[in-house]
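Quick note: numbers below take in every heavy atom, side chains included, and nothing from hydrogens, waters or symmetry partners.
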Amino acid sequence: MIISDVKHFEQERHLWPAAVARGIDYILNRNLGELEVGRYDLEGDNGHLMYANVQESVTRPREEQMPESHVVYTDIQFLVSGEERLCFYKLTDEAIIVDNKYETHDVAFYESQHALPETDIFLKPGMFAVCFPSDIHRPNCLITESTTNKKIVIKIHKDLLQL
């Protein structure tokens, strides 16, 4: 997982995979935060290689959000407005899948009540987290009270991240 803020983008971009840097470039240079909610294709036929989901959602208690992971796409979860707690832990053999939709939607949901410790990341506007396939993440959790967030989730196909 990568956690950063656009304030550090130019100093850090050389450390990240090129596709991740391009995803942040798209957010900043195409003003994706100003767009309406929806999907926007960025690279490949019909956005097959990279696309953006502009979302608005209400944060909820951690217990109401299911942990998830992806196999084909890596997420850049970029917060435009609001605040959010993003909980995550690394995929292990102890993680129990309760709803496997890898084949149809590139997502699996995991048992919420587990013995694996989660790390909480507090996202403020301009901050982002890059969630790789081994990063089980629980997005849209409230920090202290429920807020309405605007977020951009860039989906990067695994073919763009291979060396």
Worksheet item: What do the steps show when you test D25 against R30 for salt bridge (charged side-chain N to carboxylate O under 4.0 Å, His left out), and what is the final call?
Response: CA-CA 8 Å; D25 271 331; R30 293 192 182 180; over 6 Å; no

Discussion item. Applying side chain to side chain contact (heavy atoms under 4.5 Å, CB included) to E56 and N149, what does each step give before you reach the verdict?
Written reply: CA-CA 5 Å; E56 287 184 357; N149 291 347; over 6 Å; no

Fill in: side chain to side chain contact (heavy atoms under 4.5 Å, CB included) between Q55 and V153, worked out
CA-CA 8 Å; Q55 306 171 343; V153 179; 3.6 Å; yes

Item to complete: List the steps and the verdict of salt bridge (charged side-chain N to carboxylate O under 4.0 Å, His left out) for E84 and K151.
Response: CA-CA 10 Å; E84 173 182 332; K151 181 195 278 190; 3.0 Å; yes

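Side-chain atoms of S134 do not come within 3.5 Å of backbone N or O of K90 as any donor-acceptor pair. In terms of modelled atom types and a separation under 3.5 Å, the side chain of E43 and the main chain of L49 share no donor-acceptor contact. Using modelled atom types, no side-chain atom of N100 and backbone atom of A108 make a donor-acceptor pair closer than 3.5 Å. Put simply, the side chain of R138 never gets that close to the backbone of C87: no donor and acceptor are under 3.5 Å apart.
Minimum interatomic distance between V71 and D106 (heavy atoms only, all atoms of both residues): N-OD1, 2.8 Å.
With no hydrogens or angles considered, no side-chain donor-acceptor pair links H14 and E12 at under 3.5 Å. Counting only N and O atoms by type, the side chains of S69 and Y102 include a donor and acceptor under 3.5 Å apart. At a cut-off of 3.5 Å, with distance as the only test, no side-chain donor of K150 or S81 sits close to an acceptor on the other residue. Side-chain contact, N140 with S57: a donor N or O sits under 3.5 Å from an acceptor N or O.
For residues 19-46, there are no ring pair (Phe, Tyr, Trp, His ring centres under 6.0 Å) pairs, not counting sequence neighbours.
Ring geometry for H48 versus H157: interplanar angle of 30 to 60°, hence tilted.
Judged by the 6.0 Å and 45° rule, R85 forms no cation-pi pair with F122.
Aromatic rings of W16 and F132 (six-membered ring for Trp) have centroids beyond the 6.0 Å cut-off, not under it.
One finds no salt bridge joining K124 and D5 here, because no Lys/Arg side-chain nitrogen approaches an Asp/Glu carboxylate oxygen to under 4.0 Å.
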